[in-house]
Enquirer: 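There's a structure below that I have some questions on.
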Amino acid sequence: MSSSILSLLSVLSVAAAQFVSPPTDLINKTGFAGINVRYKEVPTGICELDPNLKSYSGYADVEDDQHIFFWFFEARNMDPSEAPLTVWINGGPGSSSMIGLFEENGPCRVDENGVVYNNPYSWSNVSNMLYIDHPAQVGFSYSTPVNGYEDSSTGLIISLPDLTCPDYAGDTCATYSYPNLTSTANSTVSAAPSFWKTIQGFMGAFPQYSRHGFHFSSESYGGHYGPVFNEYIEEQNAKNITGAHQIKLETVLIGNGWYDPLLQYQAYYNFTVSPGNTYDYDPFNASVKAQFYNNLYGKGNCVDQIKDCAARGLDAVCAAADNFCANLVENIYDIYLGRDEYDMRELTPDPFPYSYYTSYLNTPELQAAIGAYQNFSTSSNAVYTAFTATGDDNREAGTIEALQKLIKQGINVVLFAGDADYNCNWLGNEAVATEVNAPGYCNAGYTDIVTSDCIVHGQVKQSGYFSFARIYESGHEVPFYQPLAALELFERAINGMDIATGKEKLSTGYITKGTPTSEYREGNATMVFEVLAGNSTYNTTTNRPDVVEATMRRELKRGVLGGKKFKFGA
Ligand SMILES: *[C@@H]1O[C@H](CO)[C@@H](O)[C@H](O)[C@H]1NC(C)=O
Ligand SMILES: *[C@@H]1O[C@H](CO)[C@@H](O)[C@H](O)[C@H]1NC(C)=O
Ligand SMILES: *[C@@H]1O[C@H](CO)[C@@H](O)[C@H](O)[C@H]1NC(C)=O
Ligand SMILES: *[C@@H]1O[C@H](CO)[C@@H](O)[C@H](O)[C@H]1NC(C)=O
Ligand SMILES: *[C@@H]1O[C@H](CO)[C@@H](O)[C@H](O)[C@H]1NC(C)=O
Ligand SMILES: *[C@@H]1O[C@H](CO)[C@@H](O)[C@H](O)[C@H]1NC(C)=O
Ligand SMILES: *[C@@H]1O[C@H](CO)[C@@H](O)[C@H](O)[C@H]1NC(C)=O
Ligand SMILES: *[C@@H]1O[C@H](CO)[C@@H](O)[C@H](O)[C@H]1NC(C)=O
Ligand SMILES: *[C@@H]1O[C@H](CO)[C@@H](O)[C@H](O)[C@H]1NC(C)=O
Ligand SMILES: *[C@@H]1O[C@H](CO)[C@@H](O)[C@H](O)[C@H]1NC(C)=O
Ligand SMILES: *[C@@H]1O[C@H](CO)[C@@H](O)[C@H](O)[C@H]1NC(C)=O
């Protein structure tokens, strides 16, 4: 080979390396309801490290222009064909479920050096786990993959005719899911059918993992997704659709959810001003408190606008209301405090939970191992923009009624909330639980959750198939901050056992006895007042960073596509 051809080839391969080579090794199968599924087996060590356990990833082709990514892990400590099946999805809208997989409850995590290590508290310890990037264009889910770059002034994705990356593209050359707002969902309600189709596709392609109960778990915007998607599943079941599978839904589990904007925008004030949080953190002076109160309750302000959205239901009214409430109510915290909305104990930038996995998900090795068509991003701008246009965030969207119906149908509904999260804080989640008004719940009391480590990590109020748990010393992503309590709560929920002890089989008459309010106060011992180094580690025994390094060094190794964190980022 002449040296000139050799150098030309090496230039080409360097250029093309910025883009993702589409997989050629996917297996096709037609799932239930006629949904086409393409998948492959993921090698040991890519995430699950146990060679005796299988893992699969792939796509459900729910529309010609919508391909939903899933990543499946066999249950660890039981026969996977006898294990329950649990789906986990993250929120956003637009957030990838790789957040849950790699930061929270998946079989593995990734360290600073890109090395995969085991998570002993993986929810796959007790269930088959299926992570889904929903809707299309989120994470590895795609509409149309294009090789292109992001225009720095407009933020638009510009496709490139060949595989050469021009200098002016900087480091934004990548394979993107073309951000077409009509090739995804723009509301919770409109995202439900493609979710149902994805489950139908998976269950048909993998009947061996779908023989027993189906359980749904989520967090954050999952407070919208969970109730609505699952009630949709129940409605589809009732139709006896030919060729479709009756999904045996048993549990709906949601952490730090965003359900009802009317209650939860008010809860921002309650959490930081009055009655306040349990960390003795009372950060605002009288004038900021008055401004906060007025932005909420003043005539024509946030509360009035949410009510107007609910009454009129117009996209423009709801979108404007959400914009007002997000900027002038929720954001007061960010403007004055510089703290992480998802964990009030840390200043920003907060290195927890660790995000080293985002670089790993953008390596050619990983992309080939899972059959990716595009680069990874933690959040989809397009999906977020589509939902913003309908003001979905400012709508209650039928979530409360859907939860009530699910409870009535005998589904075990478990809501839980880490009590250091501001974004979807526990006071708002508690108010939602009261609003759901499950049978007997008004007579239930808070009791300690007993876990195998004999440390009280929270309290629960439960009546029959409905429970609300407050988890102590935890930010938004509970399985990261309280891994043992989260795993045991999850196991009890999917096995239909009481949350408090895990020893009593649930029945409609089950009720917890205890105090009407949860009184435990952490105090300020775990509040951190210095910006942490990017490589700090979080200690789940002390509930604080191992070493507080007073440095502004920021070493968040996020992929360039994953830099933006949305309002309900996880
Ligand atoms: C697999 O499915 C895709 C998408 O439906 C289709 O384009 C392709 O031809 C199928 N391949 C095989 C081998 O059946
Ligand atoms: C989860 O399962 C693994 C593998 O069986 C085991 O080593 C680990 O101790 C389990 N974790 C917990 C918290 O029980
Ligand atoms: C967006 O998707 C729709 C539906 O698939 C398609 O008709 C349209 O051409 C797409 N637009 C662009 C700019 O790709
Ligand atoms: C669906 O099937 C069930 C059980 O066979 C039956 O009770 C129900 O009436 C059917 N529903 C419809 C809409 O056909
Ligand atoms: C906020 O606090 C007020 C006054 O204590 C209470 O009436 C209201 O229910 C609380 N709302 C939320 C969402 O926490
Ligand atoms: C209250 O706090 C805000 C934000 O820190 C500050 O700008 C303002 O000057 C303070 N007002 C008074 C009266 O101290
Ligand atoms: C996109 O994926 C390619 C191929 O693996 C990789 O070389 C590139 O660094 C990734 N780009 C970004 C921005 O993460
Ligand atoms: C949301 O999507 C639907 C189609 O699914 C479309 O009719 C509607 O116009 C969209 N709404 C907005 C505000 O873009
Ligand atoms: C923490 O609480 C203690 C006791 O209430 C108080 O003396 C101290 O000032 C507080 N520290 C901070 C940083 O707020
Ligand atoms: C974190 O990084 C700094 C340099 O930026 C280094 O001095 C320190 O040892 C690192 N700490 C850990 C725990 O790795
Ligand atoms: C976490 O804290 C506990 C209790 O202080 C300590 O024993 C342990 O070594 C710490 N872990 C790390 C990794 O520093």
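Read the numbers this way: they start at 1 and go in the same order the structure lists the ligands and their atoms.
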Enquirer: Using a 3.5 Å cut-off on N or O atoms only, is Y336 in polar contact with ligand 6?
Expert: no

Enquirer: Answer with yes or no after comparing the ring centroid distance for Y221 and Y225 against a 6.0 Å cut-off, counting only values under it.
Expert: yes

Enquirer: Among all protein heavy atoms, pick the one closest to atom 1 (C) of ligand 2 and tell me residue, atom and distance.
Expert: N125 ND2, 1.4 Å

Enquirer: Taking the six-membered ring for Trp, are Y268 and Y265 parallel (under 30°), tilted (30 to 60°) or perpendicular (over 60°)?
Expert: perpendicular

Enquirer: Are Y293 and Y269 close enough that their ring centers fall under 6.0 Å?
Expert: yes

Enquirer: Considering only non-hydrogen protein atoms, determine which one is nearest to atom 11 (N) of ligand 6 and report residue, atom name and distance to 0.1 Å.
Expert: N285 ND2, 2.9 Å

Enquirer: With a 6.0 Å cut-off on ring centres, are F229 and H134 close enough?
Expert: yes

Enquirer: Nearest 0.5 angstrom please: E330 CD to N295 CG, how far?
Expert: 13.0 Å

Enquirer: Within a distance under 4.0 Å of any heavy atom of N77, pick out the atoms of ligand 2 and give their elements.
Expert: 1 (C), 2 (O), 4 (C), 5 (O)

Enquirer: Counting only heavy atoms on the protein side, is anything nearer than 4.0 Å to atom 9 (O) of ligand 2?
Expert: no

Enquirer: At a 4.0 Å threshold, what atoms of ligand 2 neighbour a non-hydrogen atom of P120?
Expert: 1 (C), 10 (C), 11 (N), 12 (C), 13 (C)

Enquirer: Quick test: of every protein heavy atom, which one is nearest to atom 13 (C) of ligand 6, and how far off is it to 0.1 Å?
Expert: S287 OG, 4.1 Å

Enquirer: For ligand 2, which atoms sit closer than 4.0 Å to a heavy atom of Y121?
Expert: 13 (C)

Enquirer: Looking only at protein heavy atoms, which one is nearest to atom 6 (C) of ligand 9, and what is the separation?
Expert: N524 ND2, 4.1 Å

Enquirer: With sequence neighbours excluded, what pairs up with V456 under the side-chain contact (heavy atoms from CB on, under 4.5 Å) test?
Expert: D448, Y472

Enquirer: Looking at atom 4 (C) of ligand 9, would you say a protein heavy atom lies below 4.0 Å from it?
Expert: no

Enquirer: Side chain, backbone, both or neither: which part of F529 comes within less than 4.0 Å of ligand 9 when only heavy atoms are counted?
Expert: side chain

Enquirer: Can you check whether A525's main-chain N or O pairs, donor with acceptor, with R544's side chain at less than 3.5 Å?
Expert: yes

Enquirer: Does the ring center of Y39 lie less than 6.0 Å from the ring center of F202?
Expert: no

